[in-house]
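Each remark here refers to the structure printed beneath this line.
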There are 2 protein chains.
Amino acid sequence: MDVTEADLPAHDSSDCKAVNAVLGRVGDKWSVLIISRLGDRTLRFNELKREVGGISQRMLTLTLRGLERDGLVTRTVFATVPPRVEYELTALGHSLREPVDALARWALEHQPEIAAANRLYDQRSQRS
Amino acid sequence: MDVTEADLPAHDSSDCKAVNAVLGRVGDKWSVLIISRLGDRTLRFNELKREVGGISQRMLTLTLRGLERDGLVTRTVFATVPPRVEYELTALGHSLREPVDALARWALEHQPEIAAANRLYDQRSQRS
DNA sequence: CAGTATCCTCACGGATACTG
DNA sequence: CAGTATCCGTGAGGATACTG
């Protein structure tokens with residue numbers, strides 16, 4: 001979806017491609033938000049849309065399709081009227097939360113250092 | 001840089017923004033590649049360009065500036081001729097490798113499941 | 001060698017409208 | 001409700017040329 005699946009300079013082993021695909025997923029803002037929202041409980045399409053907030057219908061659909069394709073989310077359609085579709089994290093999806101949370105913890109832990117580095121860099125490049 | 005710094009729907013706490021910024025970094029293909037290449041030893045600009053492979057001069061510069069701004073990489077200029085500029089991971093940069101490697105391990109470990117899910121999804125959506 | 005400057009493309013993603 | 005279809009603007013990023 002968001003990863004160059006095809007012909008990289010050939011030094012890219014299939015392992016690297018798999019890793020890049022996952023890194024791409026994690027780098028995708030919507031995917032991570034959706035996964036975190038689905039961590040607690042299963043949600044319907046519009047519930048998800050409301051909970052995530054700020055996502056367009058289009059991107060919600062596309063992102064969910066991608067997550068479903070990667071086996072991270074299941075999509076269950078109830079043949080009622082009006083239609084009811086529930087999205088739920090798979091075991092694989094749940095297992096992804098651990099390394100992602102580790103990354104989030106790193107971010108929070110080192111946020112002060114990063115912010116400080118930013119300020120330093122910015123004031124230095126200001127007196128160009 | 002690659003994160004919506006400004007006005008999200010306001011439900012986005014500053015913590016979330018910090019996490020998103022880091023996730024964005026990790027999702028950036030070039031940043032991760034550069035960090036991993038700098039993990040072993042310091043490298044010069046063109047060494048880095050060669051080692052990474054497939055990156056344009058422009059993106060290498062931009063990515064390095066971003067990494068430097070976040071305090072993940074140091075840029076050392078030697079006033080020689082021809083100029084010599086060395087890039088090195090900071091302690092912060094090194095510490096980022098741990099959670100990133102955890103993610104990479106997850107990717108490798110679950111690659112078969114993901115590939116299987118992909119095949120299943122694709123063949124199902126084929127008989128549309 | 002280590003960049004900066006410029007141009008140009010195209011695909012990511014938002015907005016809107018329509019449907020089973 | 002849960003989508004699909006379409007149009008469209010923006011900007012990320014490659015290619016190329018130039019410079020201290």
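Just the heavy atoms: all of them, side chains too, but no hydrogens, waters or symmetry mates, feed the values below. In what follows, every chain begins at residue 1, and chains take the letters A, B, ... in the order their sequences are listed.
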Between [atom1] of [X] and [atom2] of [Y], what distance do you get to the nearest 0.5 Å?
| X | Y | atom1 | atom2 | result |
| --- | --- | --- | --- | --- |
| E88(B) | H94(B) | CD | NE2 | 7.0 Å |
| E113(A) | L92(B) | CD | CG | 5.0 Å |
| R37(B) | L48(B) | CZ | CG | 9.5 Å |

Original post:
Of P82(A) and T61(A), whose closest DNA chain D nucleotide lies nearer the 5' terminus?
Top reply: P82(A)

Report the distance from atom [atom1] of [X] to atom [atom2] of [N], rounded to the nearest whole Å.
| X | N | atom1 | atom2 | answer |
| --- | --- | --- | --- | --- |
| R25(A) | dC12(C) | CZ | P | 13 Å |
| L60(A) | dC1(D) | CG | C1' | 13 Å |
| L62(B) | dT6(C) | CG | P | 14 Å |
| K29(B) | dG13(D) | NZ | C1' | 11 Å |
| L43(B) | dG3(C) | CG | C1' | 17 Å |
| F45(A) | dT4(D) | CZ | C1' | 10 Å |
| K49(A) | dG14(C) | NZ | C1' | 11 Å |
| E68(A) | dG3(D) | CD | P | 9 Å |

Original post:
In B/S/- notation, 5' to 3', how is nucleotides 14-20 of chain D contacted by protein heavy atoms closer than 4.0 Å?
Top reply: BB-B--B

Original post:
With respect to the side chain of N46(B), which nucleotide from dG13(C), dT4(D), dA2(C) is positioned closest?
Top reply: dA2(C)

Original post:
Which nucleotide, dC1(D), dT4(C), dT4(D), lies nearest any side-chain atom of R65(A)?
Top reply: dT4(D)

**OP:** Give a yes/no answer on whether the side chain of R44(B) brings an N or O atom under 4.0 Å of OP1 or OP2 in dC1(C).
**Re:** no

Original post:
For Y87(B) and dC1(C), is the shortest distance between a side-chain N/O and OP1 or OP2 below 4.0 Å?
Top reply: no

Side-chain heavy atoms under 4.5 angstrom apart, residues restricted to Ile, Leu, Val, Met, Phe, Trp, Tyr: same cluster for [X] and [Y]?
| X | Y | value |
| --- | --- | --- |
| L62(A) | W30(A) | yes |
| L96(B) | L108(A) | yes |
| V77(A) | L72(A) | yes |
| Y87(A) | Y121(B) | no |

Original post:
For the helix from dC1(C)-dG20(D) to dG20(C)-dC1(D), what angle lies between the axis at the first five pairs and the axis at the last five pairs, to 10 degrees?
Top reply: 50°

**OP:** Please work out if F78(B) contacts a base, only the sugar-phosphate, or nothing of the nucleic acid, heavy-atom cut-off 4.0 Å.
**Re:** nothing

Subject >> Under 3.5 Å donor-acceptor, R75(B) side chain and L64(B) backbone >> reply: no

**OP:** May I ask you to say whether E68(A) pairs ionically with R124(B), meaning some side-chain N is under 4.0 Å from a carboxylate O?
**Re:** no

